[in-house]
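All residue numbers refer to positions in the sequence shown, counting from 1. Because the structure is a prediction, the values reported are computed rather than measured.
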Amino acid sequence: MKRVSVALLRCTSLLLFCALCLSCGRRSASLSSQQQPPVFPDYSGVTVPCNIAPLNLCVSGSAHQMRVIWRMDGKDLLVAEGTDHTDIALSEWQGFLLEAKGKNVEVAVEIWNDSFPQGIAYQPFRLHVDDSAIDPYLTYRLIPPGYIGWNKMELAQRCLSSFEESVLVSNLQNGGGCLNCHTSCKGNPSQYLFHSRCKTGGTVISDRGRMVKKQISSPLTGRNAVYPAWHPAGRWIAFSTDDVHQSFYNHCRSKIEVYNNSGDLLLYDTRTERVVEDARFVDTLNVKTFPAFSPDGKWLYFCTSKRYDVPFCSDSMHYSLVRVSFEASTGKLGEVVDTIYNARVCGGSASLPRISPDGRWLLFTWAECNAFPIQHPESSLCLVDLKTYKVSEPPQLISSEADTYHSWSSNGRWIVFASRRKDGRVTRLYIAAFSNGQFGRPFLLPQRYPAEDVLRRYSYNVPELLKGKIKTDKDEMARLLQSP
């Protein structure tokens with residue numbers, strides 16, 4: 001009876017509020033502020049794709065009511081109201097994006113609370129709706145931010161034009177083992193792979209409807225394949241064979257250091273299911289990691305460092321970024337190794353190279369040392385112009401915390417990257433526009449409930465943009481993961 005009474009009271013209050021609004025029209029705030037609104041997330045000055053999910057907002061101090069008005073050329077295109085956040089209907093938002101495509105938009109915010117019962121209107125902020133779209137789906141790993149344990153871990157995918165999120169695979173399906181190194185071939189949802197690290201583990205490869213699990217390792221060293229990269233033609237997959245270890249610290253800002261004791265390169269031929277190795281890139285003097293093919297398939301990029309006695313000298317490991325030509329018909333690597341970023345000369349350490357779809361730009365992560373930059377607060381994204389080989393640190397992307405894993409959209413107009421810039425602890429995803437060598441101001445991956453970006457205590461790890469949704473059979477996936 002008590003629950004019914006409370007529900008009836010709420011319903012009555014809502015009806016009275018609606019009746020008041022209908023009888024008096026939409027009330028306006030009586031006061032105005034010269035300051036911009038204390039909104040979260042902060043979308044001021046950003047450029048967003050024309051197919052992005054609704055940019056819901058919450059406003060600090062909006063205890064009674066908040067209103068967000070999206071305007072263009074003085075015309076109200078969309079009005080969203082709420083108490084602590086907006087929840088814009090998808091159909092209304094898509095209509096707004098269609099009208100605002102390629103144009104600048106003004107966003108006005110009003111709130112009512114105990115301090116301002118008559119309402120206060122803040123200075124509007126502006127953003128731009130670009131006429132280009134971002135790839136419709138995004139995959140990532142959700143993992144506890146410490147990277148120490150994983151009682152729950154999953155690979156998930158998110159629709160970027162809505163808030164639909166689905167689990168591709170959970171470690172509940174592989175007995176609590178680790179899941180990592182997910183990637184696709186040029187964003188193709190029917191060609192992807194990931195590693196399952198457990199007693200019945202292996203590399204799960206889905207290739208145009210056929211899903212298999214393979215034990216891929218080096219014939220020369222016996223080490224397992226990690227850090228995969230598809231050749232754009234889809235036949236070859238490059239791996240490194242890193243021997244990864246961790247150290248944990250009590251008195252450092254960075255609590256974890258991850259380092260490679262060794263690392264070599266290998267190629268896997270999906271057509272013949274054989275492993276190809278070049279003896280020049282299998283040695284004990286240098287550590288190789290993070291292979292990446294150029295979009296035309298003619299170059300294989302990777303990071304390499306002289307091998308040191310780790311963990312005692314792990315801070316001496318500085319990875320340079322190099323490339324070698326690749327012949328797709330034979331799987332052979334070229335004779336000459338070109339250096340793109342020389343860590344001995346320029347300092348620091350390069351990791352995670354990703355080349356733009358047009359082959360013009362290369363984005364990598366810089367840190368002071370080693371090749372696991374997410375645990376380095378100083379890590380940042382660096383851009384290489386592959387025409388001039390000039391290396392720069394884009395000012396629009398700079399933050400005081402770790403900025404790392406990144407992915408290009410298939411049209412080259414957007415990047416998604418992982419960052420700890422909000423609190424230094426949890427890794428969240430940010431999107432930034434890109435054009436003519438310049439990035440736009442990054443913005444947080446939109447959520448239906450903005451507070452989720454604060455309350456979700458799992459880190460987003462290794463974002464990868466996709467041209468479509470990955471379709472999986474959960475029963476088949478579980479069977480494959482658990483089979484020997």
Side-chain angles (χ1 to χ4, degrees), residues 135-143 150 152-160 164-219 223-242 266-276 291-293 297 328 331 405 407 410 460-484:
D135 291 334
Y137 280 85
L138 180 69
T139 60
Y140 41 81
R141 180 170 65 161
L142 292 172
I143 183 172
W150 46 78
K152 181 182 179 183
M153 177 192 298
E154 55 193 33
L155 302 181
Q157 64 179 337
R158 161 75 188 271
C159 176
L160 290 180
E164 173 200 343
E165 183 182 71
S166 57
V167 177
L168 292 174
V169 58
S170 164
N171 68 344
L172 298 176
Q173 296 171 279
N174 74 344
C178 184
L179 300 168
N180 54 34
C181 296
H182 60 279
T183 190
S184 67
C185 179
K186 296 174 62 177
N188 185 349
S190 65
Q191 277 187 300
Y192 67 92
L193 65 84
F194 65 89
H195 295 317
S196 173
R197 302 301 188 194
C198 59
K199 291 182 179 179
T200 58
T203 300
V204 176
I205 303 175
S206 177
D207 192 354
R208 297 181 178 90
R210 178 174 177 262
M211 185 180 292
V212 296
K213 182 174 67 177
K214 294 292 181 181
Q215 305 296 331
I216 303 176
S217 60
S218 166
R223 288 193 294 269
N224 289 330
V226 297
Y227 301 139
W230 286 85
H231 186 270
R235 174 182 174 182
W236 298 93
I237 307 172
F239 295 89
S240 57
T241 58
D242 299 23
L266 66 80
L267 292 157
Y268 178 73
D269 187 347
T270 61
R271 185 184 301 173
T272 63
E273 298 185 352
R274 66 188 179 100
V275 171
V276 176
F293 283 105
Y405 307 106
S407 173
S410 60
Y460 290 87
N461 181 233
V462 191
E464 289 273 341
L465 286 161
L466 287 172
K467 297 176 184 177
K469 185 177 183 179
I470 294 176
K471 299 178 181 179
T472 61
D473 184 321
K474 292 185 178 180
D475 293 334
E476 172 64 15
M477 180 71 77
R479 184 199 63 78
L480 188 68
L481 292 175
Q482 295 166 12
S483 64

Check: Checking side-chain contact (heavy atoms from CB on, under 4.5 Å) for the pair Glu164/Gln157: CA distance, chi angles, key distance, verdict?
Finding: CA-CA 8 Å; Glu164 173 200 343; Gln157 64 179 337; over 6 Å; no
Next item on the list: Could you walk me through whether Glu154 and Lys474 pass salt bridge (Lys or Arg N to Asp or Glu O under 4.0 Å), step by step?
Entry: CA-CA 13 Å; Glu154 55 193 33; Lys474 292 185 178 180; over 6 Å; no
Check: Run the side-chain contact (heavy atoms from CB on, under 4.5 Å) check on Ile216 and Leu266 step by step: do they pass?
Finding: CA-CA 10 Å; Ile216 303 176; Leu266 66 80; 4.1 Å; yes
Note to self: Let's go through Gln191 and Ser206 carefully: what are the C-alpha distance in whole Å and the side-chain angles of both, what is the deciding distance for side-chain contact (heavy atoms from CB on, under 4.5 Å) to 0.1 Å, and is it a yes or a no?
What the structure shows: CA-CA 5 Å; Gln191 277 187 300; Ser206 177; over 6 Å; no
Note to self: Applying side-chain contact (heavy atoms from CB on, under 4.5 Å) to Thr472 and Tyr192, what does each step give before you reach the verdict?
What the structure shows: CA-CA 11 Å; Thr472 61; Tyr192 67 92; 3.1 Å; yes
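Considering every non-hydrogen atom in both Cys185 and Pro232, the closest pair reads SG-O, 3.8 Å. Looking at every heavy atom in both residues, Ser407 comes nearest to Glu464 through OG-CA, 3.8 Å. Taking every heavy atom of both residues into account, Tyr405 and Pro463 meet most closely at CB-CD, 3.6 Å. Of all non-hydrogen atoms in Lys213 and Thr200, the two that sit nearest each other are NZ-O, 2.6 Å. Between Pro228 and Leu193, the shortest heavy-atom distance links the atoms CG-CD1, 3.3 Å. In terms of heavy-atom proximity, Gly177 sits nearest to Cys198 at CA-CB, 4.1 Å.
When the options Thr270, Asp269, Asp207, Thr272 are evaluated for a side chain to side chain donor-acceptor pair (under 3.5 Å) with Arg235, the one that passes is Asp269. Screening Phe293, Tyr268, Phe239 for a ring-ring contact (aromatic ring centres under 6.0 Å, His included) with His231, the sole residue that qualifies is Phe293. Checking each of His195, Gln215, Lys214 against Thr203 for a side chain to side chain donor-acceptor pair (under 3.5 Å) leaves exactly one that passes, namely His195.
Interatomic distance, OG of Ser217 versus CG of Asn224, reported as 6.0 Å (0.5 Å rounding). Taken from CG in Leu267 to CH2 in Trp236, the straight-line distance is 6.5 Å, to the nearest 0.5 Å. From Ser190, atom OG reaches atom CG of Leu466 across 10.0 Å, with rounding to the nearest 0.5 Å. Asn171 CG to Leu481 CG: the interatomic distance, rounded to the nearest 0.5 Å, is 10.5 Å. Interatomic distance, Thr139 OG1 to Asn461 CG, rounded to the nearest 0.5 Å: 10.5 Å. With values rounded to the nearest 0.5 angstrom, Leu168 atom CG is found 9.5 Å from Lys469 atom NZ.
Between Ser196 and Asn174 the shortest side-chain heavy-atom distance falls below 4.5 Å. Arg197 is not listed as a side-chain neighbour of Leu179, based on a closest heavy-atom distance of 4.5 Å or more. Side-chain contact between Val204 and Val212 is absent, with no heavy atoms from C-beta onward closer than 4.5 Å. Under the 4.5 Å side-chain criterion, counting only non-hydrogen atoms from C-beta, Arg158 is not in contact with Tyr137. A 4.5 Å side-chain heavy-atom check between Met153 and Cys178 finds at least one atom pair inside the cut-off. Counting only heavy atoms from C-beta outward, the side chains of Asn180 and Phe194 never approach each other to under 4.5 Å.
More than 12 heavy atoms of other residues, nucleotides or ligands lie within 6.0 Å of NZ in Lys467, so this atom counts as buried by the packing criterion.
Looking only at atom types and distance, the side chain of Asp135 has a donor-acceptor partner in the side chain of Ser410 under 3.5 Å away. Judged purely by distance below 3.5 Å, without hydrogens or angles, the side chains of Tyr140 and Glu165 pair a donor atom with an acceptor atom.
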